[in-house]
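The block underneath contains the structure these notes are about, expressed in structure tokens.
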Amino acid sequence: MKVRLAVLAAALASVIAQDTSADAPATNPNAPTANNDAPADIGEEPPTVKPVAFNGDSEHLPTHPDVFPTPQTPGVGDWASATGKARDLVYSLSIEERVNLTTGVGWSNGPCVGNIAPIRDVFPGICLQDGPLGVREVDGASAFPAGINVAATFDKNLARARGHAMGVEFKEKGVHVALSPSIDLARAPTGGRNWEGFGADPYVIGEMGAKTVSGLQSAGVQATAKHYLANNQEHYRTTSSSNLDERAAHELYLHPYLRAVQAGVASVMCSYNHVLQSYACENSYLLNGLLKRELAFQGYVQSDWQAQYSGTPSALGGLDMSMPGDSTFYSGWSYFGANLTEAVANGTVPEERVDDMATRIVAGWFMLGQDEGEYPPVNFDFFGKGRENGPVKDVTHDHADLIKEIGSASTVLLKNDGALPLNGDSLGAIAVVGDDAGPAAKGPNGCVDQACVDGTLAMGWGSGAVKLPYLVDPLAALEERGAQDGFGVDNWLNNWDVNNEVFEGVVSGKDAALVFVNSDSGEGYLTVQGNQGDRNNLTAWNNGDEVVKSVAEKNANTIVVIHAPGQLDVEAWIEHPNVTAVLWAGFPGQESGNSITDVLFGYFNPSGKLPFTMAKQREDYGTEVVYHDTSPIPQINYTESIFVDYRHFQQENIEPRFPFGHGLSYTTFELSGLSIEGVQDQDLEEHADYDADMLGASVQEWLHEPAYKVTVDVTNTGDVLGGEIVQLYLQFPRESGEPPLVLRDFNKVVLEPGQTKSAEFTLSLYDLSTWHSEKRQWRRPEEGLTSVVIGTSSADERMVQSL
Ligand SMILES: *[C@@H]1O[C@H](CO)[C@@H](O)[C@H](O)[C@H]1NC(C)=O
Ligand SMILES: *[C@@H]1O[C@H](CO)[C@@H](O)[C@H](O)[C@H]1NC(C)=O
Ligand SMILES: *[C@@H]1O[C@H](CO)[C@@H](O)[C@H](O)[C@H]1NC(C)=O
Ligand SMILES: *[C@@H]1O[C@H](CO)[C@@H](O)[C@H](O)[C@H]1NC(C)=O
Ligand SMILES: *[C@@H]1O[C@H](CO)[C@@H](O)[C@H](O)[C@H]1NC(C)=O
Ligand SMILES: *[C@@H]1O[C@H](CO)[C@@H](O)[C@H](O)[C@H]1NC(C)=O
């Protein structure tokens with residue numbers, strides 16, 4: 001299932017030689033004019049994409065170049081056989097049938113959130129279903145930890161294992177296409193859907209996204225990388241224009257898609273927003289240019305639900321599948337469907353374009369072997385209309401063990417003044433405080449798509465949420481531990497009444513007081529406590545700061561646990577002398593209480609690291625959600641360019657509260673013996689003859705082969721078993737315009753006390769390059785030395801060596 005790059009590159013080379021625009025239609029009078037420029041030339045000449053210059057200070061709105069036509073799928077490498085079979089099938093279909101493959105049956109007209117109808121007895125149809133942390137809105141499936149937690153594990157194996165386990169569940173429920181993973185960058189810390197994705201660093205997102213794709217697809221389910229592109233806030237998501245420059249586009253936002261394409265992802269979902277003034281789902285620069293040409297993506301582009309805003313422009317702009325098919329929910333009409341058939345008949349859309357859409361879609365189905373044997377029938381009805389096949393099928397297997405492990409492995413020990421781990425045998429009694437410690441009054445699924453803060457938080461809200469089969473709350477898990485070890489557990493779950501004698505009696509005099517605080521966010525179609533998806537603030541919800549402060553006044557061993565979609569402002573109490581330990585537990589899924597209890601009591605030695613920076617004040621982040629803008633198309637200017645998160649903090653020399661990559665352990669590690677070995681000719685010059693117009697320009701084999709091998713020895717110098725996340729950063733020469741440090745790889749090493757193992761990394765020429773906007777290539781800096789920096793956080797440089 002994995003794309004073997006060597007094969008792909010070789011095959012691409014021959015396709016490039018044949019000129020991919022050979023199948024392009026002759027001049028098309030109706031080509032879209034996204035930029036109000038002259039219609040794109042879609043004649044014989046290969047198109048030229050000009051770089052986008054943008055710094056946010058011009059009077060003119062920044063626009064993107066037009067790129068036509070849509071490259072036809074090359075059908076090479078691992079896609080060769082599937083695409084061949086798809087072509088055969090597609091050519092046997094009538095135009096109406098081919099069009100039907102591209103158009104969903106309409107919102108609520110099938111059992112899944114998206115459905116493609118069957119065609120006679122030759123194609124059984126497709127079920128598409130949310131979401132990034134499990135099968136949405138069904139019974140008998142698991143609630144996995146959120147993407148942000150997977151990122152915090154910095155453990156590629158766990159990312160893949162979770163992907164595979166989710167894939168098994170999707171498949172057994174009858175889903176062909178999982179709408180997972182979300183690989184959006186957490187640009188602004190309050191972005192509502194940050195928890196669905198993998199944090200604020202493109203390489204972490206790229207690795208975790210690729211592992212999730214290969215895990216899902218190893219179970220036989222098509223993965224969907226989303227939301228393409230620059231869909232980084234919920235406010236104005238259907239009207240705003242994300243304006244970013246080419247360098248930021250390549251180095252930050254496109255990189256995770258490159259990794260997903262390399263991992264063989266079957267589908268990419270285009271997003272609701274405009275990018276550089278055109279809607280993402282009709283944006284020829286994004287779809288035809290970057291995705292299908294530069295990355296040579298061979299799968300299909302599906303629209304986000306109702307994110308298709310036009311017919312012909314989206315067809316020519318590179319969209320392959322309209323979801324859910326009717327262009328507004330329940331309307332019954334479509335920009336595709338009969339309109340697409342007519343557009344082909346009247347010559348507006350070339351028939352080859354529709355053939356390519358259908359071929360790409362059916363190729364995904366063949367790629368995953370979904371034609372082989374009996375694919376499980378859809379076992380649920382998302383819309384509750386009773387279209388499920390048979391009784392509820394339990395597909396959870398033993399996934400609870402993995403969920404619990406990821407929950408523990410993603411817990412980040414931010415601060416520890418020796419308070420942790422707790423020893424159950426020597427404890428007399430503890431207090432458990434805060435509404436985030438207990439069960440929900442309305443039960444674990446009491447709110448639509450989890451849109452409420454009721455009891456402990458295990459996920460955010462929106463289409464990325466799932467039903468919880470059960471939720472182990474922290475209080476229940478701690479009470480169970482107390483019963484086993486023989487210590488008392490007293491609790492106080494009311495956050496709004498924390499200054500009275502009863503409260504004081506619960507909290508003071510206990511060996512430790514564990515305070516659970518939270519913050520929530522989600523998708524913008526639902527508003528919670530005035531938060532329209534994006535968070536309004538970064539502080540704890542429901543009086544959380546007052547709860548911590550009140551407890552800390554009364555108990556000298558106050559331990560705080562945070563459940564949040566990302567950053568939390570902890571300044572109100574972080575330096576309080578009685579706050580002896582702080583843990584970030586993210587959104588850990590159904591085993592929440594068990595995961596955190598294992599960490600608190602040392603059954604799991606914490607190894608999680610922050611996949612984002614935690615600032616001392618909100619202004620320090622330098623990126624913000626646009627909350628108020630009355631213009632018809634609010635302009636979201638990514639003027640920070642590549643300086644997001646730690647790239648910005650380090651560039652501006654701002655001291656964070658906790659740096660990116662930070663996380664403590666109950667043991668200590670020593671790093672030594674950094675060695676760097678060149679394993680291929682590192683000269684890019686002989687490859688200088690390419691640019692972004694070339695099919696597959698950024699996924700060429702030589703660009704991604706290991707150029708250097710880096711090894712470093714890690715020793716556990718403490719008393720207990722533990723895992724360390726060794727992080728490899730590059731320090732580019734200052735003239736390169738890069739920030740002081742950029743992460744390029746990471747590895748988890750698990751060691752017994754006294755044990756030494758080496759961590760191994762490879763660096764490709766791609767890894768060693770930055771995007772050169774004028775040459776429109778990946779290039780190594782021409783002057784100055786690039787150094788490898790090994791650390792255990794972005795602020796902890798243990799070893800440096802120049803290449
Ligand atoms: C965004 O950038 C454009 C182009 O430079 C500028 O015209 C516009 O005023 C900016 N918008 C905002 C909200 O800063
Ligand atoms: C196309 O799909 C629609 C339902 O979405 C169906 O009514 C129609 O019969 C299909 N057409 C063909 C030719 O299969
Ligand atoms: C075709 O698209 C138009 C909007 O452009 C819409 O009004 C019409 O209903 C569509 N036709 C069908 C059959 O969906
Ligand atoms: C062709 O059909 C499409 C879809 O119905 C329509 O939008 C377009 O205006 C038509 N063009 C011509 C030239 O008739
Ligand atoms: C932050 O937002 C939450 C949720 O809306 C609210 O409970 C809390 O009071 C807010 N914090 C501040 C300091 O306004
Ligand atoms: C810390 O807790 C103790 C109770 O054990 C209390 O007496 C003391 O005042 C607290 N310190 C602060 C700064 O609140």
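Reckoned from all heavy atoms, side chains included, excluding hydrogens, waters and symmetry mates. Counting convention: from 1, in listed order, for ligands and their atoms alike. The residues of the chain are indexed from 1 along the displayed sequence. If you're wondering where the values come from, they're calculated on a predicted model, not measured in any experiment.
- One finds a salt bridge joining R360 and D356 here, because a Lys/Arg side-chain nitrogen approaches an Asp/Glu carboxylate oxygen to under 4.0 Å.
- Backbone and side-chain nitrogen or oxygen atoms of Y335 are examined, and none is located within less than 3.5 angstrom of a nitrogen or oxygen of ligand 3.
- Under the 4.0 Å criterion applied to side-chain N and carboxylate O atoms, R98 and D355 are assigned as salt-bridge partners.
- Between E575 and R657 there is a salt bridge, since a side-chain N of the basic residue sits under 4.0 Å from a carboxylate O of the acidic one.
- Aromatic ring centroids of F329 and W305 lie 6.0 Å or more apart.
- The main-chain N or O of N536 is found under 3.5 Å from a side-chain atom of N531 such that the two form a donor-acceptor pair.
- Interface atoms of ligand 4 facing T348, defined by a heavy-atom separation under 4.0 Å, are 1 (C), 10 (C), 11 (N).
- Ligand 5 lies under 4.0 Å from heavy atoms of Q529, N531, N537, T539, W541, N542.
- Between the N283 side chain and the V275 main chain, a donor and an acceptor come within less than 3.5 Å of each other.
- Using a 4.0 Å cut-off between charged side-chain N and carboxylate O, D449 and R136 make a salt bridge.
- Every atom of ligand 4 is numbered from 1 in the order shown, and the set under 4.0 Å from a heavy atom of A343 is 2 (O).
- Near N339, meaning under 4.0 Å from one of its heavy atoms, ligand 4 places the atoms 4 (C), 5 (O).
- Checked against the 6.0 Å centroid criterion, the rings of F660 and F649 do not qualify as a close aromatic pair.
- Counting only N and O atoms by type, the side chains of S108 and K385 include a donor and acceptor under 3.5 Å apart.
- Remark: ligand 4 atoms within the under-4.0 Å shell around heavy atoms of N346 are 1 (C), 2 (O), 3 (C), 8 (C), 10 (C), 11 (N), 12 (C), 14 (O).
- At least one heavy atom of S334 sits less than 4.0 Å from an atom of ligand 3.
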